[in-house]
Amino acid sequence: KEAEYQNKLLQKEIDYQRKSQYEQERISHDMHDDIGAGISAIKLQAEFLKKQCNNEMLQNNVDDMLKTCEELNLSMREMLWNLKSGNDSLFNFAEHIIVYTQSFFGKTNVKIQIIKSEIGENKISAETRRNLFLCVKEALNNIYKHSNAESVEVHLTQKDKKFSITIKDDGVGMEVGTKHGNGLGNMKWRMSSICGEFVIMPTEKGFQIKFEMDL
């Protein structure tokens, strides 16, 4: 009876995972077909308006609209990547972080150094991936906007049952006693929501933070 009960529980878990995967795929396709097509239509209309318009102020407004379309398109691609069931391994997530970091700083003069340990195929949920990725995204954005850094190091480390991402720059840093802005507060909240940890680490120059979570 005990074995039969355990088999029923296992079958329920398998059914739940199948339904969850199907729902993620459905949402992914709907977003791509509906929202993606809508963003493309707005972009085409904005480009048409820009060609027809001779007013400089209006052209600047249209340029802002086109920029917003690009940002929405990028955000949607990131969400679609996160929803795809094949991207639920720690190894794939680490590779995604590397590609994003290189792309983010690709058109700047900031030098990137990525140091990665041996990363396994541990499964991580879509919620965990999204929160961790948004923390990394915010951290890189802060470096670009505020640090005046010339170089950035990103360390991706898996040790036993812990995974961590450490991001260090050689910029202006943060003075002791400086009040933390919304960005750092959001990172702390996001890591707390996935039972992870956000730490500001001491460094001689620049600024260094660490995101760590149990697998």
CD (Gln6) with more than 12 external heavy atoms under 6.0 Å: yes
Whether over 12 other heavy atoms sit under 6.0 Å from Gln59 CD: yes
Ile114 side chain reached by Glu153 side chain, heavy atoms, under 4.5 Å: no
Pairwise distance CD1(Ile124) to CZ(Phe91) - rounded to 0.5 angstrom: 13.0 Å
Within-4.5 Å side-chain heavy-atom neighbours: Asp63 and Lys50: yes
Side-chain heavy atoms of Lys162 within contact of Asp214, under 4.5 Å: yes
CD-CG distance between Glu138 and Leu184, expressed to the nearest 0.5 angstrom: 8.0 Å
Phe105 atom CZ, neighbour heavy-atom count above 12 within 6.0 Å: yes
Parallel, tilted or perpendicular: ring planes of His96 versus Phe133, cut at 30 and 60 degrees: tilted
Sidechain-backbone polar pair: Ser103 side chain, Val99 backbone, donor-acceptor under 3.5 Å: no
Between Ser117 and Gln158: side-chain donor-acceptor atoms closer than 3.5 Å: no
Glu4 atom CD: more than 12 heavy-atom contacts under 6.0 Å: no
Under 3.5 Å: donor-acceptor pair, side chain of Gln113, backbone of Val154: no
Side-chain (Thr203) to main-chain (Gly206) donor-acceptor, under 3.5 angstrom: no
Spacing of Ile143 atom CD1 and Ile167 atom CD1 [to the nearest 0.5 Å]: 6.0 Å
Distance, nearest 0.5 Å, that separates OG1 of Thr166 from CZ of Phe211: 9.0 Å
Distance (rounded to the nearest 0.5 Å) between Asp64 CG and Cys69 SG: 11.0 Å
Leu132 side chain near Phe93 side chain, heavy-atom distance below 4.5 Å: yes
Note, Leu156 side chain near Ile98 side chain (heavy atom, < 4.5 Å): yes
Non-hydrogen side-chain atoms of Gln11 and Asn7 separated by less than 4.5 Å: no
Test item: Asn141 and Lys145 side chains (from C-beta on) under 4.5 Å apart, heavy atoms: yes
Min side-chain heavy-atom separation Ile209-Met201 under 4.5 Å: no
Asn109, CG atom: more than 12 neighbouring heavy atoms under 6.0 Å: no
Shortest non-hydrogen contact from Ala46 toward Leu66: CB-CD2, 3.7 Å
Single-linkage hydrophobic cluster, 4.5 Å side-chain cutoff, Trp189 and Val199 together: no
CD-CD1 distance between Glu71 and Ile39, expressed to the nearest 0.5 angstrom: 11.0 Å
Ser193 side-chain N/O to Arg190 backbone N/O, donor-acceptor pair under 3.5 Å: yes
Carboxylate-amine/guanidinium contact Lys188 Glu197, below 4.0 Å: no
Thr101 side-chain N/O to Ile97 backbone N/O, donor-acceptor pair under 3.5 Å: yes
Transitive ILVMFWY side-chain link Phe48 to Ile42, under 4.5 Å: no
Within 6.0 Å of CD in Glu118, more than 12 heavy atoms from elsewhere: no
Minimum-distance pair of heavy atoms, taken over all atoms of Pro202 and Gln208: O-NE2, 3.4 Å
